[in-house]
Number of protein chains: 2
Amino acid sequence: MPKGIEKTLLSAIVEGRIAPGSRLSENQLAEAFHVSRTLVREALTRLETRHIVSVRPRRGWFVNRPSAEEAAAVFAARRAVEYGFLKTSAPFGPAQIERLKAHIAEERAAIDAGDKAQLTYLMGDFHCRIIALGGNDPLAEIMRNLTARTILISLRYQPAEGALASHRDHCGIAGAIIAGDMDRAADLSLAHLEEVEAGLRIPDARDPLEDLRNTLRLDPAPGGQGH
Amino acid sequence: MPKGIEKTLLSAIVEGRIAPGSRLSENQLAEAFHVSRTLVREALTRLETRHIVSVRPRRGWFVNRPSAEEAAAVFAARRAVEYGFLKTSAPFGPAQIERLKAHIAEERAAIDAGDKAQLTYLMGDFHCRIIALGGNDPLAEIMRNLTARTILISLRYQPAEGALASHRDHCGIAGAIIAGDMDRAADLSLAHLEEVEAGLRIPDARDPLEDLRNTLRLDPAPGGQGH
DNA sequence: GGTGCAAGCCTTGTGTACAAGTTAGATGTG
DNA sequence: CACATCTAACTTGTACACAAGGCTTGCACC
């Protein structure tokens with residue numbers, strides 16, 4: 001059961017329904033899931049090990065708001081993992097290529113529909129699925145976690161969408177993979193991630209105002225507080 | 001406090017004091033750590049998310065015994081991560097090189113001392129420290145987890161030590177890094193990991209006897225049960 | 001002797017009670 | 001009115017109690 005709670009919470013977070021910085025009350029969650037705090041705590045603990053949420057003692061659980069340093073590190077980690085995966089992988093087979101094409105189509109559909117949250121999710125999921133298609137579970141899980149953290153970063157620092165540009169990049173990467181040119185795919189991936197990172201609006205770290213704002217804005221409330 | 005329990009348990013496991021397959025009793029651990037089962041469970045849950053232990057419902061917690069498939073996947077993941085890290089990293093500076101040399105010296109000392117468990121630990125830690133020296137925390141944590149799993153694999157499948165050969169490889173990789181040739185270091189790393197994996201004594205998967213033995217050997221008892 | 005069954009012990013799973021600490025708001029005081 | 005202080009409500013932290021299911025062992029029966 002707690003695995004389900006973890007999954008549900010994570011979905012809500014990466015799909016943008018719970019904003020970074022939100023407080024997650026054990027009691028409210030327990031009530032919402034119709035379980036005791038015990039299971040909620042287990043789920044939150046699991047998410048903490050994945051760096052999705054963190055707890056401040058006696059204060060509460062909060063959805064992580066990645067710092068500029070953490071954001072840079074996560075992007076660098078993604079570059080290393082994705083580049084390493086593509087460079088050490090054999091070219092994809094027909095079945096894998098088919099599913100890759102399916103994802104690209106999904107992205108285009110989301111763009112046409114104009115669903116921003118869904119789009120943010122799909123943009124991250126692209127990289128995830130590529131690795132998942134490789135069939136390496138540990139690596140896929142690593143990528144899932146990094147992607148989730150990336151979404152937290154995007155939600156915090158990416159006001160406008162470079163989504164269209166991302167989609168173009170994705171098409172290029174997918175094209176290289178489909179052509180069997182993993183080396184080119186790796187290079188394109190690297191460039192793509194650098195471009196996305198460069199597009200983030202990360203405020204000047206030495207601006208004391210930013211820290212102040214973070215300190216003051218404490219609990220944006222996770223959702224409606226039913227009757 | 002539970003973080004400390006997690007750390008202590010993990011140390012005991014990766015240093016070979018608790019064998020893969022051992023059962024970890026919540027009650028015994030609670031008694032040993034002078035805490036309630038609650039905190040022990042939290043620590044075990046954390047280790048479960050890291051794929052170090054797993055729980056079989058109403059049966060107990062067990063230190064993971066990686067299957068042949070999992071072992072292959074973990075090695076492939078390590079290759080991707082390590083290769084990607086080296087390929088996307090800038091050459092090391094003097095301070096980093098110094099600490100790299102220190103590790104090599106440590107390895108040699110352990111070899112001379114002949115401490116097999118310590119050696120297994122250091123052999124894995126080499127790759128860990130390289131990435132840690134890069135200063136990327138998320139990637140370092142990923143590598144720590146993969147390394148821990150690799151140790152479980154080694155403890156299970158590596159009867160004799162290719163430790164000397166590994167040390168030679170490590171010297172070569174370190175040498176390339178020190179020379180500032182990250183590309184060569186990456187290639188050497190790849191070859192090294194392939195060699196280590198090839199040296200594993202993984203039994204024929206289609207041998208039913210192996211599965212039987214796994215099924216039968218249930219709980220080798222985690223340690224002495226004295227008071 | 002062999003076999004099936006059942007009771008008791010031991011395991012984890014989950015809920016609940018209380019302890020410790022933080023925050024917000026009311027209240028009294030200058 | 002401004003400000004310090006104290007109290008009350010709410011947070012997580014931890015222990016504990018009980019529930020549910022699995023394994024072992026002893027016993028009855030064939």
Side-chain angles (χ1 to χ4, degrees), chain A residues 1-9 18 21-49 51-65 212-227, chain B residues 1-9 18 21-49 51-65 212-227:
Chain A
M1 184 68 85
K3 296 264 188 71
I5 298 175
E6 179 190 9
K7 193 175 174 181
T8 302
L9 274 177
I18 304 179
S22 303
R23 193 171 75 83
L24 299 173
S25 159
E26 290 184 5
N27 279 319
Q28 288 181 19
L29 291 174
E31 210 171 330
F33 285 102
H34 302 292
V35 296
S36 73
R37 279 178 51 218
T38 306
L39 300 189
V40 171
R41 273 180 75 80
E42 182 180 329
L44 288 171
T45 298
R46 292 187 125 96
L47 288 174
E48 190 194 20
T49 67
H51 302 279
I52 304 300
V53 307
S54 53
V55 61
R56 297 196 302 193
R58 312 281 179 186
R59 302 279 190 85
W61 296 85
F62 297 86
V63 178
N64 271 350
R65 319 179 75 216
L212 228 115
R213 270 183 302 226
N214 292 349
T215 307
L216 295 180
R217 187 202 294 188
L218 283 179
D219 43 348
Q225 47 179 6
H227 63 294
Chain B
M1 184 68 84
K3 295 264 188 71
I5 298 174
E6 179 190 10
K7 191 175 176 181
T8 302
L9 274 177
I18 303 178
S22 304
R23 192 171 75 83
L24 298 172
S25 160
E26 290 184 4
N27 280 319
Q28 288 181 21
L29 290 174
E31 211 171 332
F33 284 100
H34 303 292
V35 295
S36 73
R37 278 179 52 220
T38 305
L39 299 189
V40 171
R41 272 181 75 80
E42 183 180 329
L44 288 172
T45 298
R46 292 186 124 95
L47 288 174
E48 190 193 21
T49 67
H51 302 278
I52 304 301
V53 307
S54 53
V55 60
R56 298 196 299 194
R58 313 279 180 186
R59 302 277 189 86
W61 295 85
F62 297 87
V63 179
N64 271 353
R65 319 181 72 216
L212 227 110
R213 270 183 302 223
N214 291 349
T215 307
L216 295 181
R217 186 203 293 191
L218 282 178
D219 43 348
Q225 52 184 4
H227 63 283

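Here the structure is a predicted model, which is why all the values come from computation and not from measurement. Chain identifiers are assigned alphabetically (A, B, ...) following the order of the sequence lines, protein sequences preceding nucleic acid strands; residue numbering begins at 1 within each chain.
Across all non-hydrogen atoms, the minimal contact from B/Asn64 to B/Ser54 is OD1-OG, 2.7 Å. Pairing each heavy atom of B/Pro2 with each of B/Glu42, the nearest pair is CG-OE2, 3.4 Å.
Rounded to a whole Å, the CD atom of B/Glu48 is 12 Å from the C1' atom of C/dT12. Note: CD1 (A/Ile5) to C1' (C/dG15) measures 13 Å, nearest angstrom. In this structure, the CZ atom of B/Arg56 is 9 Å from the P atom of D/dC23, given to the nearest Å. As rounded to whole Å, 16 Å separates atom C1' of C/dT14 from atom CZ of A/Phe33. Computed from coordinates, the A/Glu26 CD to C/dT16 C1' distance equals 14 Å when rounded to whole Å. When the P atom of D/dG22 is taken as reference, atom CH2 of B/Trp61 falls 17 Å away, rounded to whole Å. Across the protein-nucleic acid pair, B/Arg23 atom CZ and D/dT24 atom C1' stand 14 Å apart, rounded to whole Å. Nucleotide C/dT11 holds its P atom 13 Å from the CG atom of B/Leu24, rounded to whole Å.
Mapping B/Gly60 and A/Arg37 onto DNA chain C by nearest heavy atom places B/Gly60 closer to the 5' end of the strand.
Taking side-chain N and O atoms only, B/Asn27 has a distance below 4.0 Å to OP1 or OP2 of C/dT11. Residue A/Arg41 has a polar side-chain atom (N or O) positioned under 4.0 Å from OP1 or OP2 of D/dG13. Taking only side-chain nitrogens and oxygens, A/Arg59 never comes nearer than 4.0 Å to OP1 or OP2 of D/dT12.
Side chains of B/Thr49 and A/Thr49: a donor-acceptor N/O pair is present below 3.5 angstrom, by distance only.
Residue B/Val35 has its side chain nearest to D/dA15 when only D/dA15, D/dT14, C/dG13 are considered.
Residue B/Thr38 places a side-chain atom within donor-acceptor reach of the base of D/dC16, judged by atom type and a 3.5 Å distance cut-off alone. The base of C/dT22 does not come close enough to the side chain of A/Arg58 for any donor and acceptor atom to sit less than 3.5 Å apart.
Counting heavy atoms from C-beta outward, B/Leu24 and B/Ile18 have side chains that approach closer than 4.5 Å. Taking the side chain as every heavy atom from C-beta outward, A/Thr8 and A/Phe33 approach each other to under 4.5 Å.
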